[in-house]
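Read through the structure below, which is laid out as structure tokens, and then see the notes.
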Amino acid sequence: MNQTLILRRAYAREGLQKACIAGVLVALIFFMAGISLSQGSLEISFKEVWGVLWQVLVKGYDPQETHQTVIFVLRLPRVVMGILAGFGLGVAGAVFQGVLRNPLASPTTLGVSSAAGLGAALAMILDMGVTGGRFLVVGNAFVFSMIPALVIFSLARFKQATPEMMILSGIGMFYIFGAATSMLQFLASQDALKAMVVWLMGDLGRAKWQEILVTGTVLSACIPLILWKSWDLNLMGLGDEAARSLGTNPDKSRMILMVTASLITATIICFTGMIGFIGLVSPHICRIILGSDNRFLVAASGIFGAVFLVFSDLVCRVVIAPVIIPVGIITACAGGPLFLYLIIQKKKRHW
Amino acid sequence: MKLKLEKVRFTYGKRLVLDNISLGLEPGKIVAICGPNGVGKSTLLKCINRILPSRGNIFLKDREVKTLKRLWIARQVGYVPQETAQVFSISVFEMVMMGRRPYLGWKSRSQDREKVFEILSLMGISDLGLRDFNQLSGGQQQKVIIARALAQEPEILLLDEPLASLDLGHQLEVMALMQQLASDQKMLVIMTVHDLNLAAWYADQILMVKDGNILCAGAPSAVLTPETIWSVYGVAAKVKIEEGRPYVIPLRHSPGKTGLNKTNI
């Protein structure tokens, strides 16, 4: 009885800890967003930023006000896109790792990113694509990045693929798409090559309100579905047989989760280009801090991804201002050392 | 009758693993499935709660399993697999909480948490509650997985080699717990066991499986005879009766009498 009491207290304490960390992360998003909105060639202080946002919220948007225009037209879209993209990539990474029971699973290792890259390359260099006009690059990147999901889906459906087969076929596709993209780059003209390389690096500045609306809609449709399935994600970590014995259908859940996470990733990548590392690292960092219960991990990984991406974007804009470095470079530069540090100093084994 | 199997067949690819198995089992009993490696003991267990799809009919409380929802089956049948490979670390508490999944929505209710606390205490592993499952010893892990199956509040408990990684003391402790569950809660406990003497001591019934068929079934003293052991395992053995239970003493391996010598090892 005494032991139970000790356990009960420890459990309650752990729950409180988790809630606090989640709270701090959410607060960090707003803090980072505030700082990010205040940075730029026109000086607006951190305090003024919130004042401007409050005014717009209360009185509506007034295009005559310079501060409002700068924040709403120039700065806010990239910050909001940073939050959405970071959140989506963090969630998708946690889902991929959970579903495939593999710490290396991420949009990159499953071929989703490189497929999007090839789609964009075809559009930019050969002017070939599934849609025309303004959405040529974006549409192509989106359609291509759903290919790995379809391949993996059919492998599972018709060949009863195990998680190991899925991730290996993802890596196979990663190389195929990568090689095709390299071939196109090799043949491309100087200008097209430069545009291609910059696209691949990933940048939040391409997103305007229209893109944000699309991303937001996709996320708000997919995230509840994933959260609802996060219990099953826990069970799938036990292996298919144990998952079945506990009342879930792992094949069906795996399909739903893989397709949803791929959809999120595809939507984000086609608007921002390749932002690597968040999908891989955000779930791991949250696992180290919060544990592996996917009911919390999925959301936490998303929140952490949002904080991290907004922070990285901020660094991109201030480090050699007024030049804006592609954010994909900074996510890896800043995230890599942090990740290594956490792996080296961690006391428990997490995967 | 709690569990009834009628002409259950299972094929793995083209290989026939289970061939027309029929049996009926009553509540409140411990049933040991014995037999050599690879004869389909584990497969038989997995067919019962439809982890594997079998042909023929299996009735759980007079309902055909093929027509039942997985969640419903999971509330009736607890399952302890032979191995648990957990990739990401997870606490013991969370592991046992997964056994509550058949009853839960997204959020765990306080009565589910209470149930987990209760079962951890019953298994004597409350002190492990927040430890990382992956860092426990094999025996401790086995107990945690049994606790998870009990959290399903099952009427039938399936255990696949539950004693394999346990030391002598823990083996007896687990078997005593099974006896208690069978007699107090009228649970039907079905387990695959390699140790014939443990089966003899604790089981009410032994099913001897050979080549996908049940060779014989019944009370330990009826099943564990030198003739059966010879025909199933190819091992000569003496059987003594100790306190009313058979006690199997394998004799020295006799050359020329098993398959090993034929292949010139």
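In what follows, chains are A, B, ... by sequence order, proteins preceding strands, each numbered from 1.
With contacts defined as side-chain heavy-atom distances shorter than 4.5 Å, the pair B:R50/A:R244 does not qualify. B:Y79 has its side chain within reach of A:E241: a pair of non-hydrogen atoms, C-beta onward, lies under 4.5 Å apart.
Here CZ of A:R287 is found 8.0 Å from OG of B:S89. Values are rounded to the nearest 0.5 Å. Interatomic distance, A:L7 CG to B:F117 CZ, rounded to the nearest 0.5 Å: 5.0 Å. Rounded to the nearest 0.5 angstrom, A:W231 CH2 and B:R100 CZ are separated by 10.0 Å. Summarising the geometry, atom CD belonging to B:Q152 is positioned 5.5 Å from atom OG belonging to A:S245; distances are rounded to the nearest 0.5 Å.
Classification of A:R295 and B:E94 as a salt-bridged pair fails, no side-chain N sitting under 4.0 Å from a carboxylate O.
Nearest heavy atoms, A:A242 versus B:R148: CB-NH2, 3.9 Å. Contact record, B:M98 with A:L235: SD-CD2, 3.4 Å, taken as the closest heavy-atom pair. In terms of heavy-atom proximity, B:R101 sits nearest to A:D232 at NH2-OD1, 3.1 Å. The two residues A:A10 and B:L130 make their nearest non-hydrogen contact at CB-CD1, 3.1 Å. Residue A:T4 comes nearest to B:S126 through the heavy atom pair OG1-OG, 3.8 Å, listed as atom of the first residue, atom of the second, then distance. Taking both residues in full, the closest heavy atoms of A:S292 and B:F88 are given as OG-CB, 3.6 Å, listed atom of the first, atom of the second, then distance.
If you measure heavy-atom distances from A:D240 to chain B, you find no contacts under 4.5 Å at all. Looking at B:N49, the atoms closer than 4.5 Å to chain A (heavy atoms on both sides) all sit in the side chain, from C-beta outward. If you measure heavy-atom distances from B:E114 to chain A, the contacts under 4.5 Å come from the side chain alone. For B:I51, the parts lying under 4.5 angstrom from a heavy atom of chain A are both the backbone and the side chain. There is no contact between B:K69 and chain A, counting heavy-atom distances below 4.5 Å.
Counting heavy-atom pairs closer than 4.5 Å to chain B, the top-ranked of the candidates A:L246, A:D293, A:T248, A:N249 is A:L246. Of the listed residues (B:L128, B:I90, B:D127), the one with the most heavy-atom contacts under 4.5 Å to chain A is B:D127.
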Residues B:M95, A:L238; criterion side-chain contact (heavy atoms from CB on, under 4.5 Å); working and verdict:
CA-CA 9 Å; B:M95 182 59 106; A:L238 303 170; 3.5 Å; yes

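Residue B:Q179 qualifies as enclosed at atom CD: its count of foreign heavy atoms under 6.0 Å is above 12. Heavy-atom contacts from other residues, nucleotides or ligands closer than 6.0 Å to CZ of A:F311 number 12 or fewer. B:K66 NZ: more than 12 foreign heavy atoms inside a 6.0 Å radius.
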